[in-house]
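Accompanying notes for the structure given below.
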Amino acid sequence: MKKDFSHREIEKKWQDIWEKKGVFRVSNRIGEREKKYYLLEMFPYPSGELHMGHVSNYAIGDTYARYLRRNGYKLLYPMGYDAMGLPAENAAIKKGIIPSEWIKKCIANMMVQQRQLGLSYDWERLVNTSESEYYRWNQWIFIKFLEKGLAYKKKAAINWCPSCGTTLANEQVENGKCWRCASDVEIRIKEQWYFKITEYAEELLNDLDGLYGWPEAVKIQQRNWIGRSSGAIVRFKLEDSDYSIPVFTTRPDTLYGSTFLLLAPQHPEIMDIASGNKEEIQRFINETAVTSIKEKEVKEKKGIYLGINAVNPLNGRSIPVYIANFVFMEYGTGAIMSVPAHDQRDFEFAKKYGLEIVEVIRGSDTKYDGTCAYEGPGKLINSDKFSGMESRQAIEEITSYLEETGKGAKSVQYKLRDWLISRQRYWGTPIPVVYCEKCGIVPVKECDLPVKLPGDVEFTGKGNPLETSSGFRQTSCPECGGTASRETDTMDTFVDSSWYFLRYINPHTSDKPFKTEEVNSWLPVDQYIGGIEHAVLHLLYSRFFTRALCDLGLVNFREPFRNLLCQGMVVKDGSKMSKSRGNVVTADEINMKYGADTARLFILFASPPEKDLEWSDEGINGCYRFLKKLWRMVQEETDTAKKPDEGSPDDKFLHLLHNSVKSVTIDISRDFHFNTAIARIMELVNGLRDYPPGSQERRMGLKTAVNLIGPFSPHIASEMWELLGGEKILDEEGWPEYDEKIISRTRTVMEIPVTVNGKLREKLLVSPDTPDADILKLAKEKEKVRQFIDGRKMIKEIYIPKKIINFVVKEV
RNA sequence: GCCGGGGUGAUGGAAUGGCAGACAUAGCGGACUUAAAAUCCGCUGGCGCUUAAGCGCCGUGCGGGUUCAAAUCCCGCCCCCGGCACCA
């Protein structure tokens with residue numbers, strides 16, 4: 001009799017069987033009676049080494065995948081690699097390895113480790129975004145976007161990461177630092193390519209309401225990021241000029257209190273309207289416009305007078321026009337009307353430059369007191385015919401008045417900016433346009449795609465390596481055939497991940513990105529699993545892409561991910577496990593010691609999936625012990641010559657069995673509470689010790705326990721299933737069923753806690769068919785209960801059937 | 001500052017209005033063993049009473065409230081984590 005199991009042997013055996021039999025492959029055709037399910041994990045950047053954070057992500061997905069298959073779903077469960085991006089390029093700079101070679105090795109390593117974890121992907125659908133067969137479709141989509149006006153080029157203030165040597169989208173700057181390398185981001189002016197995500201701002205916002213399967217936290221983050229504000233655009237005419245300056249405000253009710261205007265330093269019309277010292281103004285602009293946005297601290301407010309005044313459109317007052325360093329060009333109209341009495345920023349500015357402050361809103365309990373702005377709502381004062389009105393109403397009426405008199409209009413603005421996709425790096429998708437002196441910007445012809453990354457480049461660590469290729473840049477114009485130069489910017493790698501989930505359906509299709517009909521039949525993704533750090537990045541970009549592709553007629557749905565599970569981070573020493581932080585516990589080291597089955601079981605048992613987990617080996621041994629125990633019981637069982645007895649198993653056992661199956665099923669399917677599901681399986685196994693080897697209870701219970709543990713620890717479960725005489729391999733077996741009727745029929749005794757004034761005094765054991773009145777009577781007869789009710793006045797007798805009794809008594 | 005999420009034994013966690021601490025880990029005690037490992041059994045929230053079986057009181061960040069009953073709902077506060085941060 002073998003005592004312990006050899007995880008290495010068993011895991012290898014079953015991985016080979018699964019692969020040989022192609023158990024997890026799935027065809028694109030969905031039969032009429034088949035229930036399809038698309039389960040997806042956020043694909044990884046192939047760092048080359050899996051750590052426990054990855055294991056957590058994949059264990060959640062794979063366990064659920066195996067559960068779904070066993071419950072009759074036709075399951076699509078693919079894996080791929082987000083293989084473009086800076087780390088590979090940095091490796092090239094540091095170690096002189098070509099990125100494509102480097103990344104191939106990394107992917108190979110990742111795949112080996114993923115297989116060793118026993119993940120049940122359909123490997124034939126592998127997607128690698130760094131292959132030209134993938135990224136050519138980025139280029140193709142780019143050209144479609146260009147044709148539709150969804151891709152465009154503009155010169156604007158951009159975020160520049162000096163360490164990565166490239167521009168960044170707004171979403172990729174966190175607290176003024178680069179999301180990848182945490183360097184301070186600088187603001188520069190640069191001409192760059194953008195995707196027009198703002199075109200979908202309203203829809204991206206509104207449709208969040210329909211995403212019932214998404215965590216509220218993610219939806220809120222997206223809502224805040226999109227940042228919708230409604231208000232009015234008000235035009236301020238300049239004195240002695242035909243110019244007027246439009247400003248956006250959410251508080252038209254404060255318009256009478258507007259005593260100056262502020263323009264963003266980058267405002268394009270400054271030099272046309274300024275009449276002060278232009279040199280000084282230019283100096284101010286230079287100082288403030290291009291700067292670092294490193295800040296937790298709010299910068300000191302600074303401004304400069306333009307030497308010109310505007311007219312307040314309501315009261316005709318002459319008000320000065322300034323430039324101010326805290327006004328954003330990218331938001332609203334790049335100009336604001338300042339109401340110092342009712343906006344703290346304007347208040348500070350007014351104090352600094354000695355500008356007039358006029359109170360126009362008076363709140364009921366707080367109001368403007370001269371020390372700081374009053375920003376709340378209230379009754380209007382000093383506002384002509386609007387005086388006395390409440391803010392809410394005044395906003396409406398003043399806006400209508402502005403519309404009637406042609407001085408303004410209702411307006412909605414968003415914080416969301418267009419997605420800057422240009423990157424000055426090599427290891428990304430070349431943007432497929434050329435610059436022709438005669439024809440201007442010309443897209444590469446579809447038939448000439450892909451524009452491949454050239455091999456003859458130098459990685460010096462300075463500048464864009466693409467510019468060092470001798471042949472890449474020089475090309476001919478697709479329109480006129482004349483000499484032209486190729487764009488050397490590549491795309492943000494978030495472009496790759498914005499549609500990879502569609503490519504899994506047709507990973508090898510070479511004449512289009514994917515087959516629309518098949519994609520429509522599988523998508524949206526039924527369950528997506530990934531980290532919350534992508535709440536606004538990848539998840540917002542993908543929602544935008546899906547809509548844009550829908551409007552291009554390429555898909556027929558607008559939301560890509562129906563349900564979203566954000567798993568918690570695996571944390572070590574206080575920060576997220578990652579190779580760059582050097583705090584990883586690798587999947588390999590855990591795997592060597594305990595095996596994949598234990599590693600998976602433990603990480604799922606340690607906490608519910610959405611919670612962060614501070615990694616610790618403490619406890620993993622418990623899961624290892626549990627599997628060993630189960631294994632030993634199965635060995636005992638197969639060693640027993642005795643045939644299981646006939647007749648029906650005892651009620652206590654049946655109750656335990658069916659209840660266990662029920663709990664495990666509910667815990668997995670309702671809310672991914674794998675930790676409690678595993679606890680229930682442990683209880684079942686512990687309960688089986690009451691029955692001797694060879695008894696039918698033991699035999700039945702073991703089979704069920706092995707079956708239930710299958711999704712979590714698939715190798716050893718498959719092996720045990722075989723040992724127990726399972727005919728099919730476990731992953732092709734059905735999921736155990738439970739019978740609610742058996743659960744209630746076999747409930748032999750009911751334990752009813754009896755409390756007096758809410759304090760537990762006794763537990764009453766009764767048969768489940770005892771009438772309620774008798775239960776109360778029995779409870780009152782109990783010695784322990786009488787101690788607390790005798791001689792006192794009974795106020796109330798509460799019996800919540802099958803749950804609890806509470807007697808409310810009063811001292812007399 | 002604003003918006004989220006959270007705070008339960010020594011530890012990971014369970015319980016979402018009805019027995020607080022399931023299931024584990026760690027610890028302690030015992031069995032087996034020459035010994036250790038492995039395995040198995042028992043105990044394990046705090047305080048107090050009791051020779052003992054047992055019993056009582058307290059206890060889910062803090063303070064109040066609702067309720068027959070609160071970790072769970074409501075109000076106020078403290079602390080931790082995450083996101084946003086001069087967006088007019």
Side-chain angles (χ1 to χ4, degrees), chain A residues 3-4 174-176 215-225 227-229 231 247-251 254 258 262 264 293 295-301 324-339 342-346 348-349 375 413-417 532-533 535-536 568-569 571 574 602 605-608 610-623 625-626 628-629 632 663 673 675-683 686 689 751-763 784 787 795-800 802-809:
Chain A
K3 271 279 182 202
D4 280 345
E174 298 171 346
N175 278 327
E216 210 49 45
V218 173
K219 290 192 272 185
I220 288 167
Q221 275 191 47
Q222 291 211 0
R223 258 179 220 123
N224 292 343
W225 190 260
R228 183 186 198 272
S229 297
V247 305
F248 173 70
T249 178
T250 56
R251 294 293 301 274
T254 63
S258 176
L262 298 175
I293 58 166
E295 65 198 40
K296 268 282 206 217
E297 91 287 6
V298 167
K299 265 175 280 171
E300 192 197 343
K301 291 180 177 51
N325 64 342
F326 64 92
V327 178
F328 287 101
M329 188 59 225
E330 298 79 18
Y331 184 76
T333 61
I336 61 172
M337 62 175 225
S338 281
V339 184
H342 303 293
D343 183 294
Q344 187 57 26
R345 297 158 299 183
D346 298 344
E348 286 165 25
F349 193 87
E375 296 186 330
Q413 298 291 330
Y414 302 90
K415 264 172 65 179
L416 181 71
R417 316 261 157 91
I532 195 160
E533 65 272 22
V536 198
M569 292 183 293
V571 169
F602 174 61
F605 182 59
S607 83
E610 64 275 11
K611 222 180 139 171
D612 286 351
L613 176 71
E614 169 72 37
W615 174 261
S616 152
D617 291 359
E618 299 251 316
I620 189 166
N621 203 29
C623 287
R625 266 208 285 259
F626 169 72
K628 280 197 287 191
K629 179 157 65 179
R632 223 172 305 117
S663 305
H673 278 184
N675 56 334
T676 50
I678 293 165
R680 294 291 92 80
I681 301 172
M682 288 173 169
E683 278 174 313
N686 291 343
R689 286 163 179 272
E751 195 188 64
I752 311 274
V754 184
T755 61
V756 179
N757 287 347
K759 281 197 175 128
L760 181 70
R761 298 301 176 187
E762 179 64 286
K763 286 179 184 181
K784 289 291 308 288
Q787 269 181 42
I795 309 287
K796 219 169 179 181
E797 297 177 14
I798 296 156
Y799 174 50
I800 310 297
K802 297 183 170 63
K803 276 205 169 148
I804 201 164
I805 289 172
N806 191 20
F807 295 120
V808 184
V809 296

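Bear in mind that the values here come from a model prediction, so they are computed numbers and not experimental data.
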Paired nucleotide for B/A20 [Watson-Crick or G-U wobble; both distances under 3.5 Å]: none

Need one value for A/N686: base, sugar-phosphate or nothing, where a base atom within 4.0 Å counts as base even if backbone is also close, heavy atoms only. sugar-phosphate

Can you tell me the base-pairing partner of B/C49? Count Watson-Crick or G-U wobble geometry only, both distances below 3.5 Å, and say none if there is no partner. B/G54

Strand partner of B/A35, provided both Watson-Crick or wobble distances fall under 3.5 Å: none

Closest of B/C19, B/G56, B/C84 to the A/I804 side chain is B/C19

Would you classify A/Q413 as touching base, sugar-phosphate or nothing, given that sugar-phosphate means primed atoms plus P, OP1 and OP2, and contacts are heavy atoms under 4.0 Å? nothing

Please classify the nucleic acid contact of A/N675 as base, sugar-phosphate, or nothing, using heavy-atom distances under 4.0 Å. sugar-phosphate

pair_partner(B/A70), Watson-Crick or wobble, both distances < 3.5 Å, evaluates to none

Specify the separation, in whole Å, of atom CD of A/E618 and atom P of B/C23. 20 Å

Need the pair for B/C62. Rule: Watson-Crick or G-U wobble, both distances under 3.5 Å, any strand; none if unpaired. B/G76

Describe the nucleic acid contact of A/I798 in one word from base, sugar-phosphate, nothing, applying a heavy-atom distance below 4.0 Å. base

Output the single nucleotide from B/A22, B/A85, B/G18 whose closest atom is nearest the side chain of A/N175. B/A85

With a 3.5 Å limit on both atom pairs, tell me what B/G1 is paired to, counting Watson-Crick and G-U wobble, or say none. B/C84

Give A/K763 one of three labels, base, sugar-phosphate or nothing, depending on what nucleic acid heavy atoms sit under 4.0 Å from its own. base

Based on the glycosidic angle (syn within 90° of 0, else anti), state the conformation of B/G9. syn

Once you apply a heavy-atom cut-off of 4.0 Å, does A/K802 come out as touching a base, just sugar-phosphate, or nothing? nothing

With a 4.0 Å cut-off on heavy atoms, is A/K219 in touch with a base, just the backbone sugar-phosphate, or nothing at all? nothing

With sugar-phosphate meaning primed atoms plus P, OP1 and OP2, does A/R228 contact a base, only sugar-phosphate, or nothing at under 4.0 Å between heavy atoms? nothing

Sugar-phosphate only, base, or nothing, as touched by A/R625 at under 4.0 Å among non-hydrogen atoms: sugar-phosphate

Base paired to B/C28 (Watson-Crick or G-U; both N/O distances under 3.5 angstrom): B/G42

Rounded to whole angstrom, note down the C1' distance from B/G29 over to B/U66. 47 Å

Mind checking if A/S229 touches a base, just sugar-phosphate, or nothing, with heavy atoms under 4.0 Å? sugar-phosphate

Please work out if A/G622 contacts a base, only the sugar-phosphate, or nothing of the nucleic acid, heavy-atom cut-off 4.0 Å. sugar-phosphate

